[in-house]
Amino acid sequence: MDIVLGRSNRGVLLWQLDANGQMVIEPQLVTSLEQEVARREAGPMSPRWVWDDTSRWYPELIRAGVRVRRCVDLRLSRAIIRRSPLTAETPMARAAFASWDQPTPEPRSPVGAPSAGTLFDWEPETADDPTVEFFEQLAAIEGATDPARLRLLLAAESAGSLIAAEMKFAGLPWRADLHEALLTDTLGSRPRSGERPAKMQQILEVVRTALGAPDLNPDSPTELLRALKLAGIEAASTRSWELQNIDHPAIAPLLDYKKRARILSSNGWNWLETNVISGRFHPDYVPGGVVTGRWASKGGGGALQLPKQVRGAVVADPGWVLVVADAAQLEPRILSALASDRAMAEAGQAGDLYAGIVASGAVDTREQAKLAMLGAMYGATSGEAGRLLPRLAKSFPRAIALVEEAARAGERGEVVSTRLGRGSPRGAVPGWDETSTVAEKERVRAQAKSWGRFTRNFVVQGSAAEWALCWMAGVRQRVFELGDSAPSRAGANAGASWLRNSPHLVFFLHDEVVVHCPLDLAASVETALRAAAVDAGRLLFGQLPVSFPISVAAVASYADAK
DNA sequence: GACGGCTCCAAA
DNA sequence: AACTTTTGGAGCCGTC
């Protein structure tokens, strides 16, 4: 059963729909959202909550200790429907840009500050009415080429929005004391603001001496490049990978300095102070924030770029563990499934896909297999990856043909699609006329090639993101059920009791999840993670013989996961 | 001083 | 000149 929520100047409005999607009663004014949602969630048939934007509704419910099983995030759903090839012929896809295509506006009048008027004097512009939007979306789904796929995608996307809000609230367990010890160890003790930590300063002096540049500021690429040149080092840039190849006494300490400077600026004391509160790191995830469907993160400390070096500060609470699970070689496996490439699926059966590719005789070493696969998915044309590609194509023609076709489609300016129907953005239509110069033609061709690499990667990265969403949604459901059946722990009555009693997701990184879990439930959580991975493969690819193995480790510290 | 472009590097 | 995808953030530096 679906329940639509909306805001009016009198408070929250609730529309209840019956099984046929008809409104059964006029909207009711809700006096306590938390109580209303909690009451209906406790019933035998938990509803599907339909709202404009999960990030505007769910956090306050979570804070009140209320958990929601299912929802529809209208804004995320609309974004998918508007761009999906599956719905290209529907009115919603053809309609002009509307307010629903923009970020959710701030509520016009805050709840709790009702203006004068009768109960139902709220007359939203039709365009803003969530029931109207919801019905239009349902119609678009009905009119889709493959409604089942689209429904799965939208359900997964909305489940993701719930998970993002729950993970932000729960936070990743973070030991500030360990983080500080790590900083002191690699940088020296915390300096006054504006100064360099002692160890960095020492290394810098070595660099300055070796270059004969006593005042060098190595953080300025311009200055550094000039100092290198004066010391007789011809470098086109100051990138580490380029400096690596230079034989000069200044290079090793310089690279060392850059490494440490990076930690200081991205995850130093400032980061710690602003992002770790009461032993938790609360990242701002943005579901669907990347064109391919991957999540992004905004502000909040760069959750999706969390360096391996600081993961030692991520430590489970006493009596708890972190169950870290990683979908091994997800993208190449997704590719083999997308292409129904049985040879590649077989190569992946034993557990290590790259070893399987070597065993098939396609290439000679595991490193080659990995390089060639990445090159195939990214569109590498030169270097070793480019050279290996023909050998890969010979052994796995279907998989390689799939990415090649995606690339050609992009070059022609066509839309490509993920497994469940997320559409790529429309590329610029390539073309030139007789007046174009050779250089212009070359530039157009280069742009088309570049867009082809994007669409090539889009189908794989985007489908992998769908697998990950389905996996995580399954993990969430299974793991909460574990908590429900677990013996009640002390203080389980008020607020978000699932945080204190149940295993729950605390981190997500594209193909990896972390569950914070009471010690005695670790084995059950592992089972849940593996079962959800199997489910995700079935949901996306049915009975295709492609496996998606995951590695699971129950650890005290994230740094020990692999 | 604010702003934006650029460079560099972290993740998958 | 670049040559392999998607991102976010910090610092530098020129411009307004």
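A, B, ... follow the sequence lines: proteins, then strands. Residue 1 opens every chain.
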**Asked** Between dT7(B) and dA2(C), how far is it from one P atom to the other, in whole Å?
**Response**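 Comparing P positions in dT7(B) and dA2(C) gives a spacing of 10 Å.
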Original post:
Looking only at atom P, what distance separates dC8(B) and dA1(C), rounded to whole Å?
Top reply: 15 Å
Closest to side chain of [X], choosing from [options]:
| X | options | answer |
| --- | --- | --- |
| Ala296(A) | dC13(C), dG8(C), dT5(C) | dG8(C) |
| Ser265(A) | dA10(C), dA12(B), dC12(C) | dA10(C) |
| Gln461(A) | dT4(C), dC13(C), dT6(C) | dT6(C) |
| Ser220(A) | dT6(C), dT4(C), dC13(C) | dC13(C) |
| Gln305(A) | dT4(C), dT6(C), dT7(C) | dT7(C) |
| Glu512(A) | dC12(C), dA12(B), dT7(C) | dA12(B) |
| Phe454(A) | dA12(B), dT6(C), dG11(C) | dT6(C) |

From [atom1] of [X] over to [atom2] of [N], roughly how many Å is that when rounded to an integer?
| X | N | atom1 | atom2 | value |
| --- | --- | --- | --- | --- |
| Met373(A) | dT4(C) | CE | P | 16 Å |
| Leu389(A) | dC3(C) | CG | P | 17 Å |
| Arg294(A) | dG8(C) | CZ | P | 12 Å |
| Phe281(A) | dG9(C) | CZ | C1' | 12 Å |
| Leu225(A) | dC12(C) | CG | P | 16 Å |
| Asn217(A) | dA10(C) | CG | P | 18 Å |
| Phe508(A) | dA11(B) | CZ | P | 17 Å |
| Tyr378(A) | dC3(C) | OH | P | 15 Å |

With the threshold set at 4.0 Å, does a side-chain nitrogen-carboxylate oxygen contact exist between [X] and [Y]?
| X | Y | answer |
| --- | --- | --- |
| Lys199(A) | Asp256(A) | no |
| Glu331(A) | Arg294(A) | yes |
| Arg443(A) | Glu440(A) | no |
| Arg196(A) | Asp219(A) | yes |
| Arg175(A) | Asp177(A) | yes |

Look at all strands and tell whether [X] reaches a base, only sugar-phosphate, or nothing, counting heavy atoms closer than 4.0 Å.
| X | answer |
| --- | --- |
| Arg311(A) | sugar-phosphate |
| Gly375(A) | nothing |
| Val291(A) | sugar-phosphate |
| Lys449(A) | nothing |
| Asn267(A) | nothing |
| Arg262(A) | base |

Within residues 228-258 of chain A, residues whose heavy atoms come under 4.0 Å of DNA chain B
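DNA chain B contact set from residues 228-258 of chain A: Ser237(A), Thr238(A), Arg239(A), Ser240(A), Lys258(A).
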Handout entry: salt bridge (Lys or Arg N to Asp or Glu O under 4.0 Å) partners of Arg445(A), counting only residues at least two apart
Key =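 Arg445(A) satisfies salt bridge (Lys or Arg N to Asp or Glu O under 4.0 Å) with Glu442(A) only.
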Hey, does the side chain of [X] come within less than 4.0 Å of [N]'s phosphate (OP1/OP2), counting only N and O?
| X | N | answer |
| --- | --- | --- |
| Ser266(A) | dG8(C) | no |
| Lys308(A) | dC9(B) | no |
| Ser382(A) | dT4(C) | yes |

Would you say the side chain of Pro173(A) lies within less than 4.5 Å of the side chain of Arg280(A), judging by non-hydrogen atoms? yes
Can you tell which of Val324(A), Leu172(A), Val314(A) makes a side-chain contact (heavy atoms from CB on, under 4.5 Å) with Phe507(A)?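 Between Phe507(A) and the candidates, side-chain contact (heavy atoms from CB on, under 4.5 Å) is satisfied uniquely by Leu172(A).
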Could you check, using the six-membered ring where one of them is a Trp, whether Phe508(A) and Trp471(A) have ring centers closer than 6.0 angstrom?
no
